[in-house]
Amino acid sequence: MANLYIDTRGRAEEPIPFTQAVVQGLADGGGLYVPQSIPQFSLDEILNLSTMPYAQRAAHIYKAFGVDLPESQVDELMDAAYGSNFDSADICPITSLDENTHILELWHGPTSAFKDMALQCLPLFFSASAQKLRDEGVIDHTFLILVATSGDTGKAALEGFKDKDGVKIGVLYPHGGVSDIQHKQMATQAGENVKVWAVRGNFDDCQTGVKRTFADSEFAQELMSEHKVALSSANSINWGRLLPQVVYYVSSYAQLVAQSKVEAGAPIDVCVPTGNFGNILAAWYAKQMGTPIERLLCASNENRVLTDFINTGTYDISDREFVLTPSPSMDILVSSNLERQLFELTGRNAEAIAGWMNDLNTQKKFRVDPETFAVLRKDFASDSVSSDDCLKTIKEVLDEHDYLLDPHTAVAYKVAERLRGENPVLVASTAHWAKFGVSVYRALHDLAPDAGLPADVAELTGCELNDLIAQQTGKSHIPAGLAELDTKPLRFKQVIDAGKPNIQDATRAFLSE
């Protein structure tokens, strides 16, 4: 039976099915969609997942969520999402550093970042959902996906949506705010239906501009009347981005037990490096389904807005400096998915959420009530890691475990070490180290996070630097999608100013090409 979706601010007129929630992305009135009911799995049902290939695990969980597509189609889409496009048959293998520290490697997809886990899946379900709604006469238009990225989502979304029927995709990233590798991954993107813009400003400027573009009803009418196009999102505000992430946390527990790393039914803690709160929220949903996850450890970098919120109950960006760190995918001050989490923790109180989100919009801060804060503290603990400590952790883990972390995973590893109790900890590893070669080089050579590189090293491209690091560490596996970037032509070089009018002008030009 189909599971319907409601919105966090209570402004959508009626619940809608999965297919509509996915193509719409954001709810009318600015809220986010969540399922009316969360399926419950027994321990045996979770453990049985380990006997299936990953694609079947994902299909099994999607069916339990009541996705309104034929079961055979769900199977086919998952087979396409999780196959030879990943460089490991396990899709997201687990490497154990010791008997109580397990690294969940979420970066074996085509763009070497955890976003592939969702963005090899979402575009297939998006296209299938849109086609179903067209066949039913619910819609008669195509879509433009607009994505703000701090580095990884953009490339993963471009790769997932390239040349998909009935969809165009435009990606905006902060000019100068991503690594050389990340920039080249986006600027060299293949596909006839793709566009990339650098934006003068930081990630929050990109994300705010996109959100305001989505909220502009006159612009939406213009796109529909002139181009027969509706806007939608592939950011983690889209439930179709979040559900694939729930899958890998449920699946990982089954894997740990099957590999005799955890006793069946014994609790684990999960530590996630997060800026937008989507990845750790997915672990919370996995817990609600019955996965024996006890504590969720939220790892922040120097942009510690989430750590401060979890530790105080006040979310405050009114006077907070935005810091560029070695872990740029977490350089975020406005954590979009926190809204879903608070909706769940308040017992789905849409009125409270609408009030807090309005406070955030108008006063740049909000404070939750004592009851909600107490519920939050029951599930979550949080700490932040300085940029210095992040780089030191990369070196320490290589020296101690002969394992090379990227800077985001290093933040999570350090927080896991600080906050862990007796439970084994599953650390979410969100990117291959070669996406952030400059920071990894600094870490290996005891350079400060903002230190210049030696002149001969500074002249190297990102790919050449990765080759050097591989020689120095013996970590020679560099995914082909990263290793070959220097040979590809740069297609996208346009830089635009931040703000809704500029984003809308760029969108008009793209659709008129």
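As a basis for the values below, the full set of heavy atoms in this structure was taken, side chains included, without hydrogen atoms, waters or symmetry mates. All of these numbers come straight from a predicted model, not from anything done at the bench.
Glu263 CD: 12 or fewer foreign heavy atoms inside a 6.0 Å radius. Within 6.0 Å of CG in Asp319 there are 12 or fewer heavy atoms belonging to other residues, nucleotides or ligands. Heavy atoms of other residues, nucleotides or ligands lying less than 6.0 angstrom from CD of Gln40 number more than 12. Environment of NE2 in His60: crowded, with over 12 heavy atoms of neighbouring residues, nucleotides or ligands closer than 6.0 Å. Within a 6.0 Å radius of NZ in Lys364, other residues, nucleotides and ligands contribute 12 heavy atoms or fewer.
One side chain, Thr307 or Ser382, offers a donor N or O that lies under 3.5 Å from an acceptor on the other. In this model, no donor atom of one side chain and acceptor atom of the other lie less than 3.5 Å apart for Asn337 and Asn276. Looking only at atom types and distance, the side chain of Ser336 has a donor-acceptor partner in the side chain of Lys211 under 3.5 Å away. With 3.5 Å as the limit, one finds a donor-acceptor pair spanning the side chains of Asn301 and Asp331. Of the N and O atoms on the side chains of Ser232 and Gln24, not one donor lies less than 3.5 Å from an acceptor on the other residue. Looking only at atom types and distance, the side chain of Ser236 has no donor-acceptor partner in the side chain of Arg241 under 3.5 Å away. Side-chain contact annotation: Ser429 with Trp107, donor-acceptor N/O pair under 3.5 Å present. A donor-acceptor pair shorter than 3.5 Å cannot be found between the side chains of Gln36 and Asn3. A donor-acceptor contact closer than 3.5 angstrom links the side chains of Gln259 and Lys261. No hydrogens or angles considered: nothing links the side chains of His401 and Glu396 as a donor-acceptor pair under 3.5 Å. Defined by atom type and a distance below 3.5 Å, a donor-acceptor pair is present between the side-chain atoms of Ser318 and Asp316. Residues Tyr413 and Thr101 have side chains that never bring a donor and an acceptor to within less than 3.5 angstrom of each other. Remark: the Tyr248 side chain and the Asn279 side chain contain an N/O donor-acceptor pair separated by less than 3.5 Å.
Ring centroids of Tyr253 and Tyr249 are separated by 6.0 Å or more, keeping the two rings apart. Residues His408 and Phe436 place their aromatic rings such that the two centres sit under 6.0 Å apart. Annotation: His432 is not in aromatic contact with His108 [ring centroid separation under 6.0 Å not met]. Checked against the 6.0 Å centroid criterion, the rings of Trp433 and Tyr403 do not qualify as a close aromatic pair. Aromatic rings from Phe65 and Tyr5 are positioned such that their centres are separated by 6.0 Å or more.
Taking both residues in full, the closest heavy atoms of Phe161 and Ala234 are given as CE1-CB, 3.7 Å, listed atom of the first, atom of the second, then distance. In plain terms, the two heavy atoms of Ala282 and Val246 that are nearest each other are CB-N, 3.6 Å. Across all their heavy atoms, Glu321 and Asn303 have their closest contact at O-OD1, 3.8 Å. Nearest heavy-atom pair, Cys206 versus Pro174, reported as atom, atom and distance to 0.1 Å: SG-N, 3.7 Å. The shortest non-hydrogen separation linking Asn238 to Ser233 is ND2-O, 2.8 Å.
Here Asp446 pairs with Lys395 under the salt bridge (charged side-chain N to carboxylate O under 4.0 Å, His left out) rule; sequence neighbours left out. Taking Ser150 as the reference, Phe203, Ser329, Ile332 meet the side-chain contact (heavy atoms from CB on, under 4.5 Å) condition, with sequence neighbours excluded.
Side-chain contact between Val262 and Ile268 is present, with heavy atoms from C-beta onward closer than 4.5 Å. You'll find the side chain of Val67 stays beyond 4.5 Å of the side chain of Lys63, heavy atoms only.
When the options Lys155, Glu159, Lys435 are evaluated for a side-chain hydrogen bond (donor to acceptor under 3.5 Å, both in side chains) with Gln185, the one that passes is Lys435. The salt bridge (charged side-chain N to carboxylate O under 4.0 Å, His left out) test with Asp383 is passed by exactly one of Arg418, Arg420, Lys414: Arg418.
Between the side chain of Thr393 and the main chain of Asp389, a donor-acceptor pair closer than 3.5 Å is present. Judged purely by atom type and a 3.5 angstrom limit, Thr312 uses its side chain to pair as donor or acceptor with the backbone of Asp308. For Asp152 (side chain) and Ala113 (main-chain N/O), no donor-acceptor pair under 3.5 Å exists by modelled atom type. No side-chain donor-acceptor contact under 3.5 Å links Lys365 to the backbone of Thr314. A side-chain donor-acceptor contact under 3.5 Å links Thr149 to the backbone of Gly154. Using modelled atom types, one side-chain atom of Ser335 and one backbone atom of Gly275 make a donor-acceptor pair closer than 3.5 Å.
For Glu344 and Arg348, the salt-bridge test passes: some basic side-chain N is under 4.0 Å from an acidic carboxylate O. The residues Asp7 and Arg11 are annotated as not salt-bridged, no charged nitrogen and carboxylate oxygen being separated by less than 4.0 angstrom. In summary, Arg442 and Asp450 do not engage in a salt bridge, as defined by a charged side-chain N under 4.0 Å from a carboxylate O. Glu339 has a carboxylate O that lies under 4.0 Å from a charged side-chain N of Arg9, or vice versa, which qualifies the two as a salt bridge.
Ring geometry for Tyr62 against Phe125 counts as tilted: the plane angle lies between 30° and 60°, on a 0 to 90° scale. Note: Trp239 and Tyr285 have perpendicular aromatic rings, judged against thresholds of 30 and 60 degrees for the angle between ring planes.
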